Chemist: 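Below you'll find the structure I mean.
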Amino acid sequence: MKKKFALVDCNNFYASCERIFNPKLENKPVVVLSNNDGCVIARSNEAKALGIKMGTPAFQIKNIIEKNNVNVFSSNYALYGDISQRVMNSLSKFAPKIEVYSIDEAFLDFSGITDDIFKDYGYVIRKKIKQWTGIPVSVGIAHTKTLAKIANHIAKKNPKYNGVFDMTEFSDIDEILKNFPVDDIWGVGRKYSKLLMSKNIKTALDLKNTDDKWARKNMTVMGQRTVFELRNIPCFSINTIPADKKNILVSRSFGKPLTSYADIEQALTTHITRIGEKLRKQKSCAQAVTVFIMTNSFAKTPQYFNAKTIQLPVATNNTPELIHYSVIALRMIFRKGYSYKKTGVIATDIIPENAIQTNFWDKVDRKKYNDLMKTLDKINFSLGRDKVKYAIQGTKKRWKLRQEKLSPCYTTRWNDLLKIDMDKK
DNA sequence: TCTGGGGTCCTAGGACCC
DNA sequence: TCTGGGGTCCTAGGACCC
């Protein structure tokens, strides 16, 4: 039996999340900004209609925002993450296998679902997800993941399909692919699309008919797989268990430029506590950490970027130890006299907790640290992030993000629960 | 004033081995 | 003039994704 995949994608996800608890935003333009209120990263349809492009710096569209009363929000990842979980939980009721592909997308395996109940299944999903979570979704169905992505695109772009497009209903998909731009294909980015254009490969149909040896040579094995998938030959399967992360990065731009070492150290060590939490959550340890600092590359001030990797004597996920080595790295790369914009830390060479090689000279009492970390994680998880923190993180938080338009954490913070006035008419 | 923050996979080429 | 023929492992960098 032929494989069958559905890609379910939340429409304008972050903007839709903001709308759930704030119905006044319905039919109004809504945009959500990146960290530090920098760029536009989500737009409602009304905002798209105003010509606001993805990734535009907020300050460049100030006029459009003011003139059209666009509702602007800082990103609220606590809210989006929680809503995402609800959507994914709901979706898992509709298919035996589901792959959560990103915060707002999931592949569903429809392979085993018989045709008689399959009809209109996409519409059922759409209706139920909206009803259960308040989030509008689009559904694309096809015999390969790449084609399901295309089907989803079509479902979203053409109102006549009402949010669902099933490519498996067509015996000949060439007519569909003929009208699909090559640069919108999953796996074709900026560089490849430029290359393809120069070879007169402009549509999905052109790419489907490309010599796959050529694709292999010029776009690696990944490109060759894309070509096969366009031919209805599945090369990618559903991945139900998310793999452990091989690298974990935490970095943030500062709310304002910083020059003092102490401020940057406070930011960096706070990022490291996040790294420690993430490592412990997936029961892994890092064998190395890389620390970097950088100035603002958009500014006309003197530029500096540097990074330093430190191999840890014993793989670890305990925060004090990670802090210890990261601070050593930071001291090595910090230079006075620059105006810094961002710092970050990457944990690499990550291995499972139970595969650690200790060494003979290791003097760290690992059992004690593990117990301490467990206790701290428990406290901070139930009472709020950084309720108990390390002295080196400081209290001033001069590096903190700009988040001027943050919505309440309606679903994850007691104090932010929606209140309803029953007397009010 | 103001420009995000995460990830993955693949390949080429060098070091090194027998 | 002539200078083998395999391997493996690691890393940096480039492509992609959301």
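A note on names: the letters A, B, ... follow the listed sequences, proteins ahead of strands, and every chain is numbered from 1. Here the structure is a predicted model, which means the values were calculated and not measured. When reading the values below, keep in mind they use all heavy atoms of this one structure, side chains included, and skip hydrogens, waters and symmetry mates.
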Chemist: Looking at A/D82 and A/R86, does any basic side-chain N land under 4.0 Å from a carboxylate oxygen?
Modeler: yes
Chemist: Give the intermediate values and the outcome of side chain to side chain contact (heavy atoms under 4.5 Å, CB included) for residues A/K387 and A/F381.
Modeler: CA-CA 9 Å; A/K387 260 302 176 266; A/F381 186 75; over 6 Å; no
Chemist: Of the options A/V8, A/T133, A/I135, A/V137, which is the one that meets A/S90 in a side chain to side chain contact (heavy atoms under 4.5 Å, CB included)?
Modeler: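 Going through A/V8, A/T133, A/I135, A/V137 one by one, the side chain to side chain contact (heavy atoms under 4.5 Å, CB included) with A/S90 is satisfied by A/T133 alone.
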Chemist: Base, backbone or nothing for each nucleotide of nucleotides 9-18 of chain C, written B, S, -, heavy atoms under 4.0 angstrom, 5' to 3'?
Modeler: ------SSSS
Chemist: Measure from CE on A/M222 to C1' on B/dT8 and round the result to the nearest Å.
Modeler: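 The answer, rounded to whole Å, is 8 Å.
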Chemist: Does this structure show an ion pair linking A/R19 with A/E46, if we count only N-O contacts that are shorter than 4.0 Å?
Modeler: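 Yes, A/R19 and A/E46 are salt-bridged.
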Chemist: May I ask you to decide whether A/K208 forms a salt bridge with A/D174, counting only side-chain N to carboxylate O separations under 4.0 Å?
Modeler: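 A salt bridge is present here (some side-chain N lies under 4.0 Å from a carboxylate O).
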Chemist: Does some side-chain heavy atom of A/I248 sit less than 4.5 Å from a side-chain heavy atom of A/I350?
Modeler: yes
Chemist: For A/K246, answer base if it contacts any base atom (sugar-phosphate contacts may also be present), sugar-phosphate if it contacts only those atoms, and nothing otherwise; contact means non-hydrogen atoms under 4.0 Å.
Modeler: sugar-phosphate
Chemist: Classify the nucleic acid contact of A/R216 as base, sugar-phosphate or nothing, counting any heavy atom under 4.0 Å across all strands shown.
Modeler: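 If one applies the 4.0 Å heavy-atom cut-off, A/R216 turns out to touch the sugar-phosphate alone, with no base involved.
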Chemist: Counting a pair only when it is Watson-Crick or G-U and both distances are under 3.5 Å, which runs of at least 3 such pairs involve DNA chain C?
Modeler: B:5-18 with C:5-18
Chemist: By nearest nucleotide on DNA chain B, pick out whichever of A/V221 and A/K245 is the more 5' one.
Modeler: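 Final value for this comparison: A/K245.
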Chemist: What class does the angle between the rings of A/W399 and A/H271 fall in, given that below 30° is parallel, 30 to 60° is tilted and above 60° is perpendicular?
Modeler: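 Plane angle over 60°, so perpendicular.
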Chemist: Look at the aromatic rings of A/H153 and A/F180 and report parallel, tilted or perpendicular, splitting at 30° and 60°.
Modeler: perpendicular
Chemist: Decide if the gap between the ring center of A/F334 and the ring center of A/Y340 is smaller than 6.0 angstrom.
Modeler: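 Yes, close enough.
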Chemist: Between the protein and nucleotides 3-5 of chain B, list the N/O to N/O atom pairs that are separated by less than 3.5 angstrom.
Modeler:
from	atom 1	to	atom 2	distance (Å)
B/dT3	OP1	A/K341	NZ	2.4
B/dG4	O4'	A/S34	OG	3.0
B/dG5	OP1	A/S253	N	2.5
B/dG5	OP2	A/S253	OG	3.1
B/dG5	OP2	A/K342	NZ	3.1
B/dG5	O3'	A/R252	NH1	3.0

Chemist: To the nearest Å, how far apart are A/L279 CG and B/dG7 P?
Modeler: 10 Å
Chemist: Under 3.5 Å, is there a donor-acceptor pair linking the side chains of A/S138 and A/N152?
Modeler: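 Looking only at side-chain atoms, A/N152 and A/S138 do not form any donor-acceptor pair under 3.5 Å.
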Chemist: Please determine, by modelled atom types, if A/N318 and A/E321 share a side-chain donor-acceptor pair under 3.5 angstrom.
Modeler: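 Judged by distance alone, the side chains do pair up.
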